[in-house]
Amino acid sequence: MFKLVTHNKNKYEEMKKIISDLEMVSMEYAEIQADTLEEVIDFSLDTLSTVIEGNFIIDDSGLFIDALGGFPGVYSAYVFKTIGNEGILKLMTSESNRRAYFKTVIGIRFNGINYKLVGICHGTISTKESGNNGFGYDPIFVPEGYTKSFAEMSTEEKNKVSHRGKAVRKLAAFLERFA
Ligand code: ITT
């Protein structure tokens with residue numbers, strides 16, 4: 001069993017579909033303020049290693065919107081809690097460039113060493129929310145090559161193209177080889 005440290009059950013459920021050998025350690029931990037997800041991951045792996053025994057993984061993700069200079073990016077959790085999807089759609093009113101991408105960085109603490117795996121999914125911000133599946137920004141994000149949002153997809157369908165799905169498949173290969 002490999003430990004995923006998160007307080008976000010949705011992340012765990014998506015990952016568990018790809019790596020069944022995953023255990024959720026439910027913990028909300030403070031993150032540093034930094035310019036990149038990678039820096040946040042490095043810091044979190046180091047601090048968590050003082051309280052979590054043995055090997056574990058974490059996931060830090062964000063939505064990067066072109067027209068907003070990459071916002072909400074590393075602030076995705078806070079922005080979702082405060083202005084939410086409605087607020088993002090308002091900021092995007094009358095914006096014709098709707099390109100955006102989701103990025104997941106998976107941090108692995110393995111035998112005392114930090115590793116990072118990245119997954120990116122390009123797409124667009126829709127003009128209204130649609131769908132009830134998934135979580136977070138899923139109702140307003142339409143992945144490239146699709147006409148429906150992540151929230152209108154099953155977990156399996158989302159995993160096929162999503163940032164997290166891509167990063168978790170790399171994690172599966174890592175674990176198969178080294179764990
Ligand atoms: P942790 O305990 O794992 O940190 P979190 O929810 O705080 O859980 P993040 O720090 O990675 O997670 O915050 C990213 C935010 O971006 C998160 O709160 C979601 O609202 C959103 N998000 C992340 N992945 C997403 C996805 O696959 N689809 C939609 N929204 C997502």
Side-chain angles (χ1 to χ4, degrees), residues 1-66 68-82 88 99-123 134-138 141 143-144 150 155-156 158-179:
M1 275 284 178
F2 221 81
K3 291 175 193 161
L4 168 71
V5 183
T6 182
H7 78 289
N8 185 330
K9 197 153 193 294
N10 297 287
K11 286 183 180 178
Y12 171 69
E13 270 154 17
E14 288 184 7
M15 290 187 178
K16 178 109 178 131
K17 292 258 186 220
I18 299 169
I19 300 176
S20 53
D21 217 17
L22 204 62
E23 170 197 355
M24 176 169 165
V25 176
S26 191
M27 185 191 283
E28 188 162 12
Y29 53 90
E31 291 176 354
I32 51 153
Q33 202 167 322
D35 291 343
T36 64
L37 297 175
E38 284 85 351
E39 287 171 81
V40 176
I41 283 282
D42 273 331
F43 184 85
S44 300
L45 283 174
D46 288 341
T47 48
L48 282 172
S49 71
T50 64
V51 290
I52 306 278
E53 205 152 321
N55 300 331
F56 63 90
I57 63 164
I58 52 177
D59 164 317
D60 202 32
S61 301
L63 175 67
F64 297 77
I65 303 176
D66 274 21
L68 304 179
F71 182 85
V74 290
Y75 309 108
S76 292
Y78 180 73
V79 170
F80 188 76
K81 262 186 267 167
T82 50
I88 293 287
R99 280 195 309 262
Y101 65 90
F102 264 120
K103 178 171 173 178
T104 288
V105 181
I106 288 181
I108 313 169
R109 183 77 171 190
F110 188 72
N111 298 345
I113 297 172
N114 295 347
Y115 300 88
K116 293 186 285 292
L117 301 172
V118 176
I120 288 177
C121 177
H122 292 277
F135 67 102
Y137 300 104
D138 281 346
F141 184 82
E144 217 164 67
F150 269 159
T155 305
E156 287 84 353
K158 179 182 170 188
N159 270 343
K160 259 185 218 162
V161 292
S162 78
H163 44 302
R164 183 164 299 102
K166 288 175 185 165
V168 176
R169 282 190 289 278
K170 291 182 188 173
L171 173 64
F174 178 99
L175 295 178
E176 214 163 281
R177 174 128 196 236
F178 300 110

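We're numbering straight along the sequence, starting at 1.
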For this session: Working to the nearest 0.5 Å, report the span between OG of S76 and CZ of F71.
Result: 8.0 Å

For this session: Can you run down the ring-ring contact (aromatic ring centres under 6.0 Å, His included) pairs that involve residues 21-62, sequence neighbours left out, and say none if there aren't any?
Result: none

Problem set entry | Partner set under side-chain contact (heavy atoms from CB on, under 4.5 Å) for N10, not counting sequence neighbours | N8, F135

For this session: Let me see the working for L171 and I57 under side chain to side chain contact (heavy atoms under 4.5 Å, CB included), right down to the final yes or no.
Result: CA-CA 9 Å; L171 173 64; I57 63 164; 3.4 Å; yes

Exercise. Can you name the residues that form a side-chain contact (heavy atoms from CB on, under 4.5 Å) with T155, not counting sequence neighbours?
Worked result: E14, K17, N159

Exercise. Quick one: are E144 and V161 in side-chain contact, heavy atoms under 4.5 Å?
Worked result: no

For this session: Mind checking the CG-CD1 spacing from L45 to I52? Nearest 0.5 Å is all I need.
Result: 11.0 Å

Seminar exercise, completed: Taken to the nearest 0.5 Å, the spacing of N111 CG from I113 CD1 works out to 7.5 Å

Exercise. Can you name the nearest heavy-atom pair linking V5 to I58, along with the distance?
Worked result: O-CG2, 3.6 Å

Exercise. Are S44 and D42 linked by a side-chain donor-acceptor pair shorter than 3.5 Å?
Worked result: no

Exercise. Just wondering, do I88 and P72 contact through their side chains at under 4.5 Å, heavy atoms?
Worked result: yes

For this session: Just do the side chain to side chain contact (heavy atoms under 4.5 Å, CB included) check on R164 and M15 with the steps written out, would you?
Result: CA-CA 8 Å; R164 183 164 299 102; M15 290 187 178; 4.0 Å; yes

Exercise. Partners of Y12 by ring-ring contact (aromatic ring centres under 6.0 Å, His included), sequence neighbours excluded?
Worked result: none

Exercise. Can you list the residues that meet the side-chain hydrogen bond (donor to acceptor under 3.5 Å, both in side chains) rule with K166, with sequence neighbours excluded?
Worked result: none

For this session: For E38, check salt bridge (Lys or Arg N to Asp or Glu O under 4.0 Å) against everything at least two apart and list the hits.
Result: K103

Problem set entry | Partners passing ring-ring contact (aromatic ring centres under 6.0 Å, His included) against F80 (at least two apart in sequence or in another chain) | Y137

Exercise. Side chains of F141 and C121: closer than 4.5 Å at any heavy-atom pair?
Worked result: yes

Exercise. So do the side chains of N114 and R109 get within less than 4.5 Å of each other, counting heavy atoms only?
Worked result: yes

Seminar exercise, completed: Test side-chain contact (heavy atoms from CB on, under 4.5 Å), reference D60, set I106, I41, T104, output is I41

Exercise. Taking the side chain as C-beta and beyond, is there a heavy-atom pair between L4 and E23 under 4.5 Å?
Worked result: no

Problem set entry | Gap between atom CD of E53 and atom NZ of K3 - 0.5 Å precision | 6.5 Å

For this session: Go through the structure and list residues passing ring-ring contact (aromatic ring centres under 6.0 Å, His included) with Y75, not counting sequence neighbours.
Result: none

Problem set entry | Beyond-backbone contact of K158 with D138, side-chain heavy atoms, under 4.5 angstrom | yes

Exercise. With sequence neighbours left out, what residues match E39 under salt bridge (Lys or Arg N to Asp or Glu O under 4.0 Å)?
Worked result: none

Exercise. Can you check whether M27 reaches H7 side chain to side chain, under 4.5 Å on heavy atoms?
Worked result: no

Exercise. Among all residues two or more places apart in sequence or in another chain, which pass the salt bridge (Lys or Arg N to Asp or Glu O under 4.0 Å) test with K160?
Worked result: none

Exercise. Going by the ring-ring contact (aromatic ring centres under 6.0 Å, His included) test, which pairs reach into residues 159-179, not counting sequence neighbours?
Worked result: F102-H163, F110-F174, Y115-F174, F150-H163, F174-F178

For this session: State, yes or no, whether a side-chain contact exists between I108 and K116 at a heavy-atom distance under 4.5 Å.
Result: no

Exercise. Atom CG of L22 and atom CG of L175: how far apart are they, to the nearest 0.5 Å?
Worked result: 8.5 Å

Problem set entry | Residues K16 and D21 bridged, charged N to O under 4.0 Å | no

Problem set entry | Under the ring-ring contact (aromatic ring centres under 6.0 Å, His included) test, residues paired with F64 that sit two or more places apart | Y101

